[in-house]
Amino acid sequence: MLKRSARLVEAALRLVDLAALAASFFAAHAVRQRLGAGLPTLLPFDRHWPLLAGTLLLWIAAASLLGVYGTYRTRGLGTELLRIGKALLAVAIALAALGYLQKLELSRLLVAIQFALAFAGLALNRAAIRLAAHALRRRGYNARRFAVAGGGPLARQIVRTMAAHPEWGFEFAGYVVDGPAPDALDRRKILGPLDALERLLKEAVLDEVIFVVPRDRLSAIEDHVLACEERGVSARICVDLFANRIATRAVEDLDGIPLLSLSTVPGDAFALAVKRSLDVVLSAAALLLLAPVLLATAIAISLDSPGPVLFRQRRVGVNGRAFTLLKFRSMHVDAEARIESLRHLNEASGPVFKIRDDPRVTRVGRFIRRTSIDELPQFWNVLRGEMSVVGPRPPLPSEADLYQRRHVRRLSVKPGITCTWQVSGRSSVGFDRWVELDLAYIDNWSLWQDVKILARTIPAVLSGRGAH
């Protein structure tokens, strides 16, 4: 009954959302007409029907792909609004692309107003639904009775967490113990032993069973999980299997095979797709706009010292993938052969080689290093997908071979032209601090963080701080 009601509520919510999107279109058209003074003439109403139809059809697809209608009983409003915002952004980008390809004469201001009103309408809708649902659940309506199979500290913590959030609508039925009941358990809240779970499912009114058992007992609960499935009772298995401090956990479905995923890298597919799109746009624009600078630099390098204009060097990319990094040559052609004779002058800590007044650097090389012009050819690496505009700097294979285990996670994301280290003093920052900055970037990655690093890169390059 609860599952059937949930499906009806979801279907109704989908219809309400479509109605809200349609209403936002009509409201946006009315607002745009009232703002007509000084603005381009708005096309007749019937010329904008493709915009409405496209919005509704693309919303259906985007909402499904981005999980807008997932379960939010135990999740905050912010999570739901974030998914809605991503879906609307995806729809807007798709509409812009379709409008450009089909040469539709759409008012950009109309589209902006429409999607602003759409987000406001959907957000208010979700907030109202949550307020109503929370109020009903606090009064015991739409409650889901659950039992916890287990009696250890984690099992008790789950019960306390559920009790602390009455708005989630969960009613604790009792513990199903595996073996002797711990002294800390309230005997009045023990339903029975785990071996008798099938009988308890018949006698007790249960909507869910949460299994909290040690790793070595996972195989023993298989029949009990099957018993829940056969009676239509939801079964949840506590996946706190490892005391990991870094990785985020998610349960995935591989064509019917459940997988517990532990990942330490950003996993937001939509945000990563936007990041890659920005990489392509920014790198292509940089190569085109900076073409005169690239040409002048190439000529200066050729006149200053013999050898190729570009320096090609093998670097280590994401998860150990080797690639050829491009830079403008800033050293004499025998620089690699002279490195061992200068090893004793290394000023950097860790598996990095840096010298402030490196005798291998040419006259032009000192200038293009100080201004970071030598890094500009790496926009080609970004365009090829080997690097990103923002990300940890790629090491040499010889440096990566000396990494300790805690250093290797720097290689878990695509390397970049600029990064937190680049805008924090560069060569004046020690290797251990460099790694800390890179790992903090990976753990807290967001598109906004990339934007902030890019904004800090320009003054850092102009000042030449830490560059040598």
Side-chain angles (χ1 to χ4, degrees), residues 279 282-317 321-348 351-401 414-419 421-423 426-428 434 457-458 460-468:
D279 281 343
L282 291 175
S283 57
L287 291 172
L288 289 173
L289 296 175
L290 297 176
V293 176
L294 299 175
L295 179 60
T297 304
I299 295 172
I301 292 172
S302 299
L303 295 175
D304 182 51
S305 62
V309 169
L310 292 177
F311 175 63
R312 293 174 169 83
Q313 190 176 50
R314 297 296 284 173
R315 294 291 183 104
V316 180
R321 291 173 176 82
F323 71 98
T324 300
L325 178 137
L326 299 178
K327 298 179 71 172
F328 277 126
R329 182 175 58 84
S330 61
M331 293 185 176
H332 294 285
V333 291
D334 62 346
E336 293 289 303
R338 295 169 60 187
I339 191 170
E340 288 304 324
S341 64
L342 299 171
R343 184 73 67 180
H344 65 287
L345 299 176
N346 184 22
E347 300 172 1
V352 181
F353 184 77
K354 298 283 183 183
I355 303 176
R356 184 174 301 277
D357 296 314
D358 197 322
R360 302 170 299 165
V361 179
T362 64
R363 288 176 299 174
V364 171
R366 286 189 177 85
F367 173 76
I368 63 176
R369 280 183 161 214
R370 187 169 61 252
T371 56
S372 296
I373 292 175
D374 63 325
E375 310 283 1
L376 294 181
Q378 288 163 46
F379 281 111
W380 180 250
N381 291 113
V382 175
L383 205 57
R384 286 170 53 89
E386 298 161 335
M387 295 178 63
S388 179
V389 174
V390 181
R393 290 295 295 163
L396 294 166
S398 58
E399 295 172 349
D401 289 341
K414 195 175 290 187
I417 297 177
T418 186
C419 59
W421 167 78
Q422 200 89 352
V423 298
R426 298 170 70 175
S427 298
S428 61
W434 181 357
T457 297
I458 296 174
V461 169
L462 293 177
S463 67
R465 184 162 52 98
H468 61 263

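Everything numeric in this text was worked out from a predicted model, so none of it was measured. Start at 1 with the first residue, then count along the sequence.
Residues Pro308 and Val333 approach most closely at CD-CG1, 4.0 Å, considering heavy atoms. Across Leu325 and Pro394, no two heavy atoms sit closer than the pair CD1-CG, 3.7 Å.
Atom CZ of Phe323 has more than 12 neighbouring heavy atoms from other residues, nucleotides or ligands inside a 6.0 Å radius.
Side-chain atoms of Arg363 and Ser305 include no donor-acceptor pair closer than 3.5 Å. Thr418 and Thr457 are linked by a side-chain donor-acceptor pair at a separation below 3.5 angstrom, with hydrogens and angles left out of the test. For the 3.5 Å distance criterion, the side chains of Arg369 and Ser330 qualify, holding a donor opposite an acceptor.
Legend: side-chain hydrogen bond (donor to acceptor under 3.5 Å, both in side chains) pairs involving residues 388-397, not counting sequence neighbours, sorted by first then second residue: Lys275-Ser388, Asp279-Ser388, Glu375-Arg393, Gln378-Arg393.
With sequence neighbours excluded, no residue forms a salt bridge (charged side-chain N to carboxylate O under 4.0 Å, His left out) with Arg315. Remark: Arg384 engages Glu386 in a salt bridge (charged side-chain N to carboxylate O under 4.0 Å, His left out) (not counting sequence neighbours).
Between Ile417 and Phe379, the closest side-chain pair of non-hydrogen atoms falls below 4.5 Å.
Of the inter-residue distances, the one linking Ser372 atom OG with Ile458 atom CD1 reads 12.0 Å to the nearest 0.5 angstrom. Atom OG1 of Thr362 is separated from atom CG of Asp304 by 4.5 Å, given to the nearest 0.5 angstrom.
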| said: Quick one, Phe367 with Ile373, criterion side chain to side chain contact (heavy atoms under 4.5 Å, CB included). Give me CA distance, side-chain angles, the key distance, then yes/no. | reply: CA-CA 8 Å; Phe367 173 76; Ile373 292 175; 4.0 Å; yes
